[in-house]
Structures are given as C-alpha cells and as structure tokens.
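Report on the following structure.
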Amino acid sequence: MSTAVPPSNAPSRPATATADDLLPEVVRVDREPAAPKGATAVTGVTGATVVTGATVAESGPPRRRTAFRPDIEGLRGIAVLSVLAFHAAVPGLTGGYVGVDIFFVISGYLITGLLLARPLGLWDFAARRARRILPAAATVLVATAAAGGALLDPLRGTDLARDLIAVAGQYANWRFVGQQTDYLAADRDPSPLQHFWSLGVENQFYLLWGILLLGLARHLHGRLRTLAITLATVTIGALSLLLCLRWTHTSAPLAYFSTGSRLWEFAAGACAALAGGALGPRTERSPVPWVRWALRLLGWLGLAAVLAPIARYDRDTPFPGAAALLPVLGTAAVLLAGHGPLRAVDAGRLLATRPLRAAGRLSYTWYLWHWPVLTIAQARYGALPWPVLVALTAASALPAWLTLRLVEQPLRYGSSPAPRRGLAVGASALAIPLIAALTLGGGTVRALGDAPAGPTAAPAGAADGPGLLAPGTRVLALTPPLARARQDFPPGKGCEIPLNADSSPRCLFGTEHSPDRIVLLGDSHAGQWISAALAMADQRHWALEVLVKPGCPLATLTVRNTVLGRTFDECDRWRENTLTRLATGPKPRLVLMAGLNRYGSQEERTEGWTRTLDRLTALGTPLAYLGDTPMPGKDIPTCLAASDGRSDACSFPRDTAFEPDPMLDGGLAARYGVRPLDLGPLLCPGTGPSCPAVLEGVVLYRDTGHITDTLARVLAPRLDQGVLGASGGF
C-alpha cells in the first residue's frame, strides 16, 4: 500500500460509535411506571421481574420492568466525550477512540436484555430500531449533503455522494474497509460520513442478534433457552475475538471497520447481561457483605480499565486486537457491578453525576453531528489547531440538541407503536438520504464535466530537451480531465500485491513469451511507471515483468507499517523472495528499479541500497534506476477541482518535494554501474521555491504523491532514450 510518508498508512480512526440503544428507551426498557418508592427493581434477563421492597403482579407472558440505570447513561457520557476529545486532538486523550468499544459493549448488554425481557416479534423489533436510529441519522445525512455541496470541491462532493449511498444502505463500514485497504485510495482525506461505519456495524449486529435471540426465544423456554443463548453468545464472541486478533496483525482496516472483528465486543456486553440476570436477585437477597463489596471493587476496577486506555493509547497502538480487551472487559465489569446496590462510594455513583448523564443523553445525536462539522471545516480551511476543533465540537452540540428534541424524540415517542408505522418511518429515513446523494452526485458531475469512458489519450512526449511535450504538441484542456484524474491508474493493479503477501504473482505484459524481458522492480512508485516501461518493451517485442509491493522499499532495510501496527515483516520476506527469484530464474535483459525515496534516514537508505545492489549486480544483468518523482504532499486533483482547474493554483514547496537520494546524490549508481535517470528537474523545472502540479496542460499527479498514468505515457520516449539509449540497449 503506497503512502506519502512510509510506512504510515493506518486507517483514519473516526472512533465514534452510534450505539442506537444508548438512550432512555433501552436503559428503561419499556415506558412503564417505576417501581413503588423505596423499591429497587433489578434488571434480569430470564423473563422474571425482581423487585425488592414491593410486590409486582404480572399477567400473561413474563416481562421485565427494568430500573433506570443512571450509571449506564454516565458511561455513555464518558464514551462520547472521549471520542469527541480524540477527534478534537485534545492533548493527553490520544486513546479516546476506545469510546467506540465502550458503546459496542453497552449496546450488546442493553439489546440482549431487551430481547430477553419482552416477547417481541422480529418486525416489532425492527420497527423499534428504525424509529430509534434512522430519523436522526437521516437529518444529519441530508444536512451533510447540503453542506458538502456548498462547501466542498466537486471531487470531494462526488466521494460524499457515494458515501451517502453506502450509509443509507447500511454497509458504510465495508466501503471504508475497501478504501482503507486500497493503496489507490489510502491518501484521501477522511469522509465527513466515515463515523457512520459504526452504525453499519451496529445494524448488522442487530440483524444477527435479533434473528438469533428471538429465534431461540421462540423455540426454547426456561433454563434451556438461557443455556442455548449463553453458548451461542460465548461461541460467537470467541470466534470474533480470534478474527479480531488475526486481522489486527494482518489488516488493521479490516479489523477496525468490519463486523466480524467487532462482534465479540457486543458479545461481552451480552455476557454481562446474562450474568447480571443470574446475579441480580441473589445480590439483593444475599446477607453476605463480601458479595456486595466484591461488586463495588469490580465496578472500580472496571472504571479504571475504561479510563486508562483513553490516556495511555494512541494512534500507534495496534487496535482493536488485544489492546481492546482492556476497555471492553472494563465496560462489561462496570455494567455487571451495576446489578448491586448503588452507594456513595460505588463507581456507579460517580458515573451517575449530572454532567456525565447530560452528555450521555445527547451522545447519539452529538456523535452524528460533530464529525461532519470537523471534517468539512478542515476540508474548507485546512488543518485547524485543537482549541478551534474543541470549539467546533462544542458548537455541534446545538444542532445535536435540536435534532434530539425536534426529530428523534417526536418520531420515537409521538408516533404509533405499530410495527408498520415504525417501518414506514425507517423506509422514509433511508429514501431521503438516497435522494440527497443522487442530487449531490448529479451536481458534482455537472461541475466536473463528463469523464471519458476509456483511458485518456496521452499527448506526444518529448524524448529529450527541457520541454515535457514533443515540439508542436499542445494540450488545450487539462489532461487527464479532473473527473477521472484520481482513477488514472497504471494497468495491472493486481501486480501491486497487498500488505500481507510476501511474493509476487506472475505478472507479465507485452510479448509474454519473448526470451527477453524488462523487470520493473520496487514499490508503488515503481508501479506508477508500468505504462512507460511497457512502451519500451513493446517497441522491442520484449516482455515486461512487474515485481512491486506497495509500501516496501527495495533497499534492504526494515520498516514499520502503521496499518499493521508493527514491523513490516512481509516486506522483508517479499524482498528476499524476489531477489532469490531473479537469481534463480531466466536472466532478464534489464532490471529497472524505482521507489519512494523516504524510507528511514539517509544513512539507512544508503546502507540498505548497498546491500540490495550487492545482490542485484551479482546477476550480471544491466541495471537502471529512476529517481523518485516530486512529492506534492496534498491531493492534487482535489486541489485543482477546488480552484476551478487553474493550473497555477496547486503548486507545492520545492524544499519538501525532494529528499537526498543515495543512488543519485550519494554516488551509489556510479559505484555499481547503474544507469540513472532523474526526471525531477523536468517535473519541477527552474530554481524557484515551488513545483507545479500541472505542466503544459498535463495533470502530473493523481493523489498526494503518485504520477498520473497519462504522465507516465507522456514520459515513455524519455525513459526509452534515457535508459536504453539511442542504440536501443546496453
């Protein structure tokens, strides 16, 4: 996976959660009268209601009347405040993304209690969820679409329209998995709707859990039902935890955003509900003081486990993985401890303070609103200091409160409880964002113009000289057009293997059966030259073999990849396998090396290249090296779209565009007999302080650091002349 500054390519963490069971409906399962004054209602999950100090008569199917749990409301407050602080970059709260895990555990706890407490039908359950979460979400989605259309550039608006469709379809988490694991999209700014990934996870969990628990409750009864539910919960949780641990090691975006790696957190909350159902009645009747003291200790330990990661974790912590166990088990412990009586010294009493409860009541809508406010503001005005982000986050509480009072509560409590009414509300809340997405998408298409269906025709490039294009060649409009500049990729995307792969597939172009071949070797900054290298091979009826691994330096040095959250061991194995493959296979006519020149320090790069060149020169094959292209450090197509395509609007500093290259500046190429070609002076001509993003009408970059495939094809004659020379070979 290619990066602007390797090896960092971690998923941006909108560590927000949308636990839709985090408002009073679920804390107070049904809006029945509270227990008589002086009585304490204990939440159970077996279908029985246990109330101390009062007698509760029930008729019909057993139903539970749950006590209001102010500690849960306060726990929600801690979760949302930690998330908001993390997104506002408040110093000292670098692990605030664990708030999502707190929400997931609470949600698993509450939804399990709800499903076991009442004889709900599946449609009734779905209707309750629809009334609960979708109207507020639809309000934020429509507002975000309107703000995005007015304030964002057309390319970001196009991305936002696609995200709207994914969110409305309840699969946003999987869209972001694909984006974060795709090196072609990894450098883009986070979406204003990226925080909706957790809503997708929750709704997918509710679908699974509703079918599972309601199905078991329908066909089993009594202790057999409880046993079956417990076994199912533990089994699903254990399998999900194993997936989480594995994926955190192999693909952090998949571990972070996927439902399979998050189910265990919901299951932890469900286990707390099941254990609390058995423990609650015994705790209230138990004369043994140590039982109550044990619960109090459990509550304090759990609260400490919840708070510690907020201050101790940071973006480099491999997450979720084993690190998520601390906040997850801590939250489950707090929830379980709440089945004991609250006293002034209990952790639950601390959680029940008014400020935390106020934040907890607003948590869902505040969470929905704050992330679009922050991301759109920064897309419009650039990176903002943390005090400004805090102010914007605080300001987002106003639309959150209005949404709660004017949208969520009226539709939730004021409408008919009939399932079909709730489902109708949900269907409307899904349709409206889809209409907004289509409207926004249509507007951005008109703003960008129609994109050509096929690859953009590349103008003729010069083989030498100071100009990019051949004499007499002119470009009348930006090429490639901005509507497809981001997708102007080289052929053979499958040749650039994923992070967890340690060997390249057979990836040949041109005259594949020719005994002569060019080997293109390196990372994604080598892969960007496929079209130019293919033109060289085609002209001679040779084959082109592509051996590239994104984010992996060809120089022999070990790097750390923050997507994986660890040393990039797969890179070391790939390099060793590839060099061995070249040494034992047919001898190529040429090995063409290229790569990002930003791995490690200058000394490490020099030592690494020395070790690699010692092995490559032993092949007895001619070697050539392409110097790295300038690094803009910003999304060039997005910048150009925001500036109405003005070619002079998106230049970037020369002093950050280049790093000292040991192959070119350190003399390694000359020492090892490598033919070098440095195109930096061509792409950043002159001696001024800036480098252009557009040269002679050609858009040079498709993202923050890779050249467009159009430029690679324009440069093909220059590569041919500079690498193979007028004689056509070595």
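Hydrogens, waters and symmetry mates are skipped; everything else that's a heavy atom, side chains included, is used. This is a predicted model, so every value here is computed, not measured.
With no hydrogens or angles considered, no side-chain donor-acceptor pair links H87 and T393 at under 3.5 Å. Side-chain atoms of S396 and W366 include a donor-acceptor pair closer than 3.5 Å. Counted by atom type alone, D635 and T704 present zero donor-acceptor pairs between their side chains at under 3.5 Å. Side-chain contact check for N173 and T259: at least one donor-acceptor pair (N or O, by modelled atom type) lies under 3.5 Å.
No donor-acceptor distance shorter than 3.5 angstrom exists from the side chain of S107 to the backbone of F103, with no hydrogens or angles considered. At distances below 3.5 Å, at least one donor-acceptor pair connects side-chain atoms of Y97 with backbone N or O atoms of D314. A donor-acceptor pair under 3.5 Å is formed between the side chain of T248 and the backbone N or O of G321. Here the side chain of S191 pairs a donor or acceptor atom with the backbone of L193 at under 3.5 angstrom. Within the 3.5 Å criterion, the main-chain N or O of S601 finds a donor-acceptor partner in the side chain of E604. No donor-acceptor pair closer than 3.5 Å links the side chain of R654 to the backbone N or O of C691. Between the side chain of Q378 and the backbone N or O of T375, no donor-acceptor pair lies under 3.5 Å. Judged purely by atom type and a 3.5 angstrom limit, D488 uses its side chain to pair as donor or acceptor with the backbone of T710. Between the side chain of R262 and the backbone N or O of F257, no donor-acceptor pair lies under 3.5 Å.
Side-chain contact between V390 and P387: absent, with no pair of heavy atoms (C-beta onward) separated by less than 4.5 Å. Considering only heavy atoms from C-beta on, P653 stays 4.5 Å or farther from P689 through its side chain. Side-chain contact check for P553 versus V559: some heavy-atom pair is nearer than 4.5 Å. Within the 4.5 Å cutoff, no side-chain heavy atoms of E659 are placed close to those of D628. The side-chain heavy atoms of Y364 and L368, taken from C-beta on, include a pair separated by under 4.5 Å. Contact annotation: the side chain of V698 never approaches that of L478 to less than 4.5 Å [non-hydrogen atoms, C-beta and beyond]. The shortest distance between side-chain heavy atoms of P481 and R484 falls below 4.5 Å. Looking at L81 and L356, their side chains come closer than 4.5 Å, going by heavy atoms from C-beta outward.
Between D703 and R486 there is no salt bridge, since no side-chain N of the basic residue sits under 4.0 Å from a carboxylate O of the acidic one. Of the charged side-chain nitrogens involved, none lies within less than 4.0 Å of a carboxylate oxygen, so that R702 and D709 do not count as a salt-bridged pair. E496 and K549 are not joined by a salt bridge, as no carboxylate oxygen comes within less than 4.0 angstrom of a charged side-chain nitrogen.
With sequence neighbours excluded, no residue forms a salt bridge (charged side-chain N to carboxylate O under 4.0 Å, His left out) with D523. Residues that satisfy the salt bridge (charged side-chain N to carboxylate O under 4.0 Å, His left out) test with R156, not counting sequence neighbours, are D153, D189.
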task: Report the C-alpha distance between T331 and F104 in whole Å, list the side-chain angles of each, state the deciding distance to 0.1 Å, and finish with yes or no for side-chain contact (heavy atoms from CB on, under 4.5 Å).
output: CA-CA 10 Å; T331 304; F104 284 167; over 6 Å; no
- request: Please lay out, stage by stage, how L700 and I707 fare under the test side-chain contact (heavy atoms from CB on, under 4.5 Å).
  value: CA-CA 5 Å; L700 303 183; I707 64 172; 5.7 Å; no
task: Might you work through the side-chain contact (heavy atoms from CB on, under 4.5 Å) test for V100 and V83, ending with a clear yes or no?
output: CA-CA 8 Å; V100 71; V83 166; 5.5 Å; no
message: Between Y313 and T94, does the side-chain contact (heavy atoms from CB on, under 4.5 Å) criterion hold? Intermediate values first, please.
response: CA-CA 6 Å; Y313 291 0; T94 54; 5.8 Å; no
message: Please evaluate residues W369 and T403 with respect to the criterion side-chain hydrogen bond (donor to acceptor under 3.5 Å, both in side chains), reporting the C-alpha separation (whole Å), side-chain torsions for both, the decisive distance (0.1 Å), and the verdict.
response: CA-CA 9 Å; W369 276 101; T403 303; 2.9 Å; yes
message: N597 vs R605, test: side-chain hydrogen bond (donor to acceptor under 3.5 Å, both in side chains). Steps then yes/no.
response: CA-CA 8 Å; N597 183 41; R605 292 195 293 269; 3.3 Å; yes
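Shortest non-hydrogen contact noted between L411 and P135 is CD1-CB, 3.4 Å. P433 and L164 make their closest contact through O-CB, 4.5 Å (heavy atoms, listed as atom of the first residue, atom of the second, distance). The two residues Q170 and Q204 have their closest heavy-atom pair at O-NE2, 3.0 Å. L351 approaches D71 most closely through the heavy-atom pair CB-O, 3.7 Å. Of all heavy-atom pairs spanning A136 and T365, the tightest one is CB-CG2, 4.2 Å. A pairwise comparison of heavy atoms in A147 and I376 identifies CB-CD1, 4.0 Å as the closest pair.
In this structure, CD1 in I636 is found 12.0 Å from CG in L155, a value given to the nearest 0.5 Å. Between the SG atom in C684 and the CG atom in L695 there is a gap of 9.5 Å [rounded to 0.5 Å]. Here the OG1 atom belonging to T656 is positioned 10.0 Å from the CZ atom belonging to F658, to the nearest 0.5 angstrom. Between F489 atom CZ and S524 atom OG the span is 11.5 Å, to the nearest 0.5 Å. Atom OG in S690 sits 9.0 Å away from atom CZ in F652 (nearest 0.5 Å). Atom-to-atom distance recorded for I72:CD1 and R357:CZ is 12.0 Å, nearest 0.5 angstrom.
Under the 30°/60° scheme for interplanar angles, the aromatic rings of Y256 and W197 are found to be tilted. Using cut-offs of 30° and 60° on the angle between ring planes, the pair F266 and F205 is parallel. Between H195 and W371, the ring-plane angle classifies as tilted under the 30° and 60° cut-offs.
A cation-pi arrangement is absent between R175 and F196 under the rule of less than 6.0 angstrom and at most 45 degrees off the ring axis.
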